[in-house]
Amino acid sequence: MSLTLTVDGERWRHHLLTTVTRFPGIVPVAKGNGYGLTLGRLARRAQWLAEHADETGAPLDVLAVGTYDEIGEVASRYDGDLLVLTPWRPFGAALQLDARTAARVVHTVSRPEDLAALRAHDPDARFVLEQLTSMRRHGMTRRDLAGAAEALLAGTDSRRSGLRGVAMHLPLNTTSHLSEVSRLINDIVASGLPTRTVFVSHLTHDELTRLAATYPDFTVRPRIGTDLWLGDRGALSVRATVLDVHDVERGEVFGYRGRSVPKAGHLVVVSGGTAHGIGLEAPTGDQSLRARAATLARGGLDAVGFVRSPFSIDGKQRLFAEPPHMQASMLFVPSGARVPRVGEQIEVRVRFTATDFDRVVID
Ligand SMILES: *Cc1c(COP(=O)(O)O)cnc(C)c1O
């Protein structure tokens with residue numbers, strides 16, 4: 001009935017422990033759809049990792065969430081600090097935290113005016129300052145950081161300023177980030193900010209090791225989501241259920257659009273549709289729009305105009321008979337191929353960060 005993500009629990013947990021051991025100071029990221037696993041599950045797992053600190057040698061004292069609205073899903077399942085990645089603004093959900101949760105939150109501040117506003121709103125607020133990177137999403141320039149340092153050091157007790165570090169969000173580069181990070185760290189030093197902790201994303205293990213050697217007085221804390229939760233793809237399998245099969249002759253009409261079948265075969269109705277995120281592709285790493293269009297033109301359509309689907313039967317990727325429906329999809333299987341039986345499970349290739357499964361089963 002369902003679109004199901006099945007996790008090989010032992011293998012997954014082993015990967016989590018190994019990753020946390022390998023990246024001391026890791027800040028696990030649990031945001032969005034929980035990387036397909038749900039936020040609640042990731043929060044419980046982060047708590048479990050924190051409780052295994054003896055084994056990993058890595059205390060896990062902070063979990064990152066994407067937005068203020070996600071705090072509710074994780075706060076009761078994980079009991080450490082909660083770093084919110086979306087920068088604080090003087091409006092909206094950021095102002096609606098209850099006092100108990102607020103005490104556990106570490107805010108991200110990305111504009112000078114927000115630093116003043118946050119400290120006025122909550123004098124005990126803890127925060128990281130986000131530094132502008134080549135991503136150019138959010139963040140402070142070197143001049144902003146120097147201004148922030150001045151504002152913080154002007155306080156009566158600058159060590160109680162609430163500053164927990166500087167955060168930088170780096171692009172998913174193929175080449176090395178090191179020169180950019182070095183420049184950014186030099187800007188932190190030059191700014192006079194009273195911190196030696198930086199939170200980074202998307203650095204390789206090798207890059208982190210080299211940074212630690214170059215800046216021994218800095219603590220570099222990697223924020224990791226994908227490589228933690230989804231880093232061992234072999235531990236994860238996604239399956240849809242075959243719900244119906246209809247034999248069709250060439251010319252027979254089917255589907256929402258009354259299309260006629262271009263050749264004899266079978267319509268196979270499977271679980272999984274737009275509501276699950278099936279067929280909606282997020283942009284991929286390095287493909288330009290033109291390259292993606294070319295791919296679609298070349299390989300995405302078959303000779304009779306069917307679009308390739310993410311569903312496979314017997315290891316062969318099958319075509320959508322028409323665009324996915326809300327919770328089911330219609331596939332076309334040509335005559336001659338083995339026809340799956342109703343109830344059978346078939347493989348689906350999904351983008352985990354854009355998929356909502358009906359069920360997640362941890363074996
Ligand atoms: C999502 C996110 C991360 C984690 O990214 P992954 O690619 O999933 O490891 C780190 N930092 C920020 C600011 C993010 O938004």
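Remember, it's 1-based here, ligands and their atoms both numbered in the order they're listed.
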For the 3.5 Å polar cut-off, considering only N or O atoms, please tell me whether T226 and ligand 1 meet it. yes

Among non-hydrogen protein atoms, atom 7 (O) of ligand 1 lies closest to H202 NE2, 2.6 Å

Given V166, which of I185, L184, V128, L193 fulfils the side chain to side chain contact (heavy atoms under 4.5 Å, CB included) condition? L193

Give the residue, atom name and distance (to 0.1 Å) of the protein heavy atom nearest atom 9 (O) of ligand 1. G225 N, 2.9 Å

If you round to the nearest 0.5 Å, how far is CE of M140 from CD of E130? 9.5 Å

What class does the angle between the rings of F352 and F357 fall in, given that below 30° is parallel, 30 to 60° is tilted and above 60° is perpendicular? tilted

Applying a 4.0 Å heavy-atom criterion (strictly less than), which segment of L85 is in contact with ligand 1: side chain, backbone, both, or neither? side chain

In the protein, which heavy atom is nearest to atom 1 (C) of ligand 1, and how far is it? K31 NZ, 1.5 Å

Honestly, for M135 the part within reach of ligand 1 (heavy atoms, under 4.0 Å) is neither

What are the atoms of ligand 1, with element, lying closer than 4.0 Å to any heavy atom of S201? 10 (C), 11 (N)

Of the listed options (T108, V27, V29), which comes nearest to atom 4 (C) of ligand 1 when hydrogens are ignored and any heavy atom counts? V29

Identity and separation of the nearest protein heavy atom to atom 11 (N) of ligand 1: R223 NE, 2.9 Å

Please evaluate residues E322 and F332 with respect to the criterion side-chain contact (heavy atoms from CB on, under 4.5 Å), reporting the C-alpha separation (whole Å), side-chain torsions for both, the decisive distance (0.1 Å), and the verdict. CA-CA 9 Å; E322 71 168 356; F332 180 76; over 6 Å; no

So, does W229 sit close enough to ligand 1 that a heavy atom of it is under 4.0 Å from the ligand? no

Would you check if there is a donor-acceptor pair between the side chains of S110 and R137 at a distance under 3.5 Å? no

Correct closest heavy-atom pair for H169 and S201 would be ND1-OG, 2.9 Å

Out of the candidates V242, I346, V269, only one should pair with L331 under the side chain to side chain contact (heavy atoms under 4.5 Å, CB included) rule; please name it. I346

min-distance protein heavy atom vs atom 12 (C) of ligand 1 -> H169 CE1, 3.2 Å

salt_bridge(D61, R221) N-O dist < 4.0 Å: yes

Within less than 4.0 angstrom of ligand 1, does E130 place any heavy atom? no

Please confirm whether D227 comes within less than 3.5 Å of ligand 1 when only nitrogen or oxygen atoms on both sides are compared. no

Check K31 with E70, please: is the shortest side-chain N to carboxylate O separation under 4.0 Å? no

